[in-house]
Amino acid sequence: MSTIKVNTIDNNGSNVDFPNKLKVRGNAIEQGYTASGTEPSSPSEGDFWWDSANDTLYQYINSEFKTVSLAASGIAWGGDRGLIGGGRIADGSKINVVQYITIATTGNATDFGDLTVSRQELGAVSNSTRAVFGGGDTGSAVDTMDYVTTATTGNATDFGNLAGARQNLAGCGDGTYGVFGGGDNGSYNQARVHLITVATAGNATTFGNLTVARTKLAAVSDATYGVWAGGDSGSFSNVMDYVTIASTGNATDFGDLGATIENNTGVGDATRGCFGGGNTSGRVNTIEYITIASTGNATDFGDLLETKTALGSTGCSDGTYGTFQGGYNGTSQINVIERITIQTTGNGTDFGDLLSSSQAHAGCSGNAS
């Protein structure tokens, strides 16, 4: 093996171009690349290609482009363990079960413990160590919040109360703060966003309001912004609106989903949010995505395996994969868990099964150790 050692590069003239678009200019070395929505037609060994249509970096190795990937980002608002809390089973009973999966490893869900109250149509937020379940329906809308430590199986503990009873709400967060938005109180759709500090038990405070009062919506977040999408505002909605999680205030318009929809599910990573399933004029299996830091309309991602409504914010993410759990397919509840790679557009794949067929849970994630 040969080694080249360079102490100083001094080039005060024109750029010096090396193979694979490596360029020396002045005292700088730059790695060039091709940016396009389609694969370059005549690549050379070692060339880099930025797939601008899918936000993916490739390098040409052994006559094919191979994905250049990093280890899971360790998102501050999640981790490798997915938690699914509460819900409703086939006979209509509301349940208090919390179950868990390892998001990177396919397989069936395992019992984690119990919520303090059996309920459906709740929301969830998390940081890397704690998951908080908020609101829901016990027969009427409640303001209950309870939490678990994600690495330690066991029953939930009381956290405090929301700033008003809510069901069919959706939560997201930045690892420090959690925000629960929208929902209904059993009679009226709500615009209010509730704020908690995930690491500190206590009652929620008012953050601000969504641009449109609506229920049965979905939410995603990155380290800065929280985005709510879809829902029912008296009719199905395609509205997406967002807040800066660390700064209280009212939401701002983000863009539109491809269809008016309710009962969809959100999953996301450090840059991208995906919304899957839901109900339009009928149940759908479509997935759309957004770049969370850039306002604009959603783009087609692929399809879920199941055509279903979620009836709850039921997605989990570890920063690489997103999972969709259970739901209602128009005939019955289902126990299917499916998974997508968030940065790679495409259809959902089979992951495993829930403990039972159910819907209207809440999902989030945190570290397993």
Side-chain angles (χ1 to χ4, degrees), residues 82-101 107-124 131-148 153-156 158 162 165-171 183-187 215-218 231-232 261-266 276-280 282-285 304-316 323-338 348 350-364:
L83 296 166
I84 305 104
R88 181 173 76 241
I89 58 177
D91 67 2
S93 299
K94 300 168 185 65
I95 58 176
N96 64 354
V97 175
V98 181
Q99 45 197 307
Y100 73 95
I101 57 175
N108 297 334
T110 302
D111 184 72
F112 184 97
D114 295 330
L115 298 174
T116 60
V117 179
S118 297
R119 60 199 198 271
Q120 64 175 353
E121 299 167 356
L122 62 167
V132 182
F133 299 90
D137 167 28
T138 63
S140 59
V142 296
D143 62 3
T144 302
M145 290 190 290
D146 43 14
Y147 75 95
V148 298
T153 58
N155 296 335
D158 181 68
L162 292 171
R166 293 290 184 276
Q167 61 192 24
N168 294 308
L169 68 173
D184 65 87
N185 62 8
S187 299
T215 188
K216 301 177 183 178
L217 66 173
D232 182 349
I261 198 164
E262 66 166 7
N263 286 325
N264 49 338
T265 295
N279 187 40
T280 57
R283 291 162 186 84
V284 298
N285 66 347
L304 295 171
L305 294 171
E306 295 279 343
T307 300
K308 62 184 179 180
T309 53
L311 276 174
S313 182
T314 322
C316 303
T323 60
F324 300 83
Q325 290 82 222
Y328 182 73
N329 63 12
T331 303
S332 60
Q333 283 99 341
I334 57 177
N335 66 354
V336 173
I337 306 171
E338 50 186 298
D350 184 66
F351 182 96
D353 296 328
L354 293 172
L355 294 174
S356 62
S357 296
S358 51
Q359 63 181 24
H361 338 84
C364 60

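Just the heavy atoms: all of them, side chains too, but no hydrogens, waters or symmetry mates, feed the values below. The structure presented is a predicted model; accordingly, all values stated were derived computationally and were not measured.
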* Structure fact -> Of all heavy-atom pairs linking Asp111 and Tyr100, the shortest is O-CE2, 3.5 Å
* Spell out, as yes or no, whether a donor-acceptor pair under 3.5 Å connects the side chain of Ser358 to the backbone of Ser356. => yes
* Structure fact -> Heavy-atom nearest pair, Gly326 first then His361, reads CA-CE1, 4.1 Å
* To do: To the nearest 0.5 Å, tell me how far Leu354 CG sits from Ile89 CD1.
  => 12.5 Å
* Structure fact -> Rounding to 0.5 Å, atoms CG (Leu304) and CG (Asn285) come to a distance of 6.0 Å
* To do: Output the distance between atom CG (Leu122) and atom OG1 (Thr138), rounded to the nearest 0.5 Å.
  => 11.0 Å
* Asked: Would you call Val142 and Val117 a side-chain contact if the rule is heavy atoms closer than 4.5 Å?
  -> no
* Structure fact -> Rounding to 0.5 Å, atoms CD (Gln333) and NZ (Lys308) come to a distance of 12.5 Å
* Heavy-atom side-chain proximity of Leu169 to Leu162 below 4.5 angstrom -> yes
* Asked: For Leu115 and Ala156, which heavy atoms make the closest approach, and how far apart are they?
  -> CA-CB, 3.9 Å
* To do: Scan Asp146, Asp114, Asp143 and name whichever one has a salt bridge (Lys or Arg N to Asp or Glu O under 4.0 Å) with Arg119.
  => Asp146
* Can you name the nearest heavy-atom pair linking Cys364 to Phe133, along with the distance? -> SG-CZ, 4.5 Å
* Under 4.5 Å between any side-chain heavy atoms of Gln325 and Ile101, yes or no? -> yes
* Starting at CG of Asn108, measure out to CG of Leu355 and round the result to the nearest 0.5 Å. => 8.5 Å
* **Note, Phe324 side chain near Glu306 side chain (heavy atom, < 4.5 Å)** => no
* To do: Any chance you could measure Ser332, atom OG, to Ile334, atom CD1, to the nearest 0.5 Å?
  => 8.0 Å
* To do: Answer yes or no: is there a donor N or O on one side and an acceptor on the other, between the side chain of Glu338 and the main chain of Leu305, under 3.5 Å?
  => yes
* To do: Taking the side chain as every heavy atom from C-beta outward, state whether Gln167 and Gln120 have any atom pair closer than 4.5 Å.
  => no
* Looking only at heavy atoms, what is the nearest atom pair of Met145 and Gly134, with distance? -> CG-CA, 3.9 Å
* **Nearest atoms (heavy-atom pairs only) where Ala141 meets Asp184** => CB-O, 4.1 Å
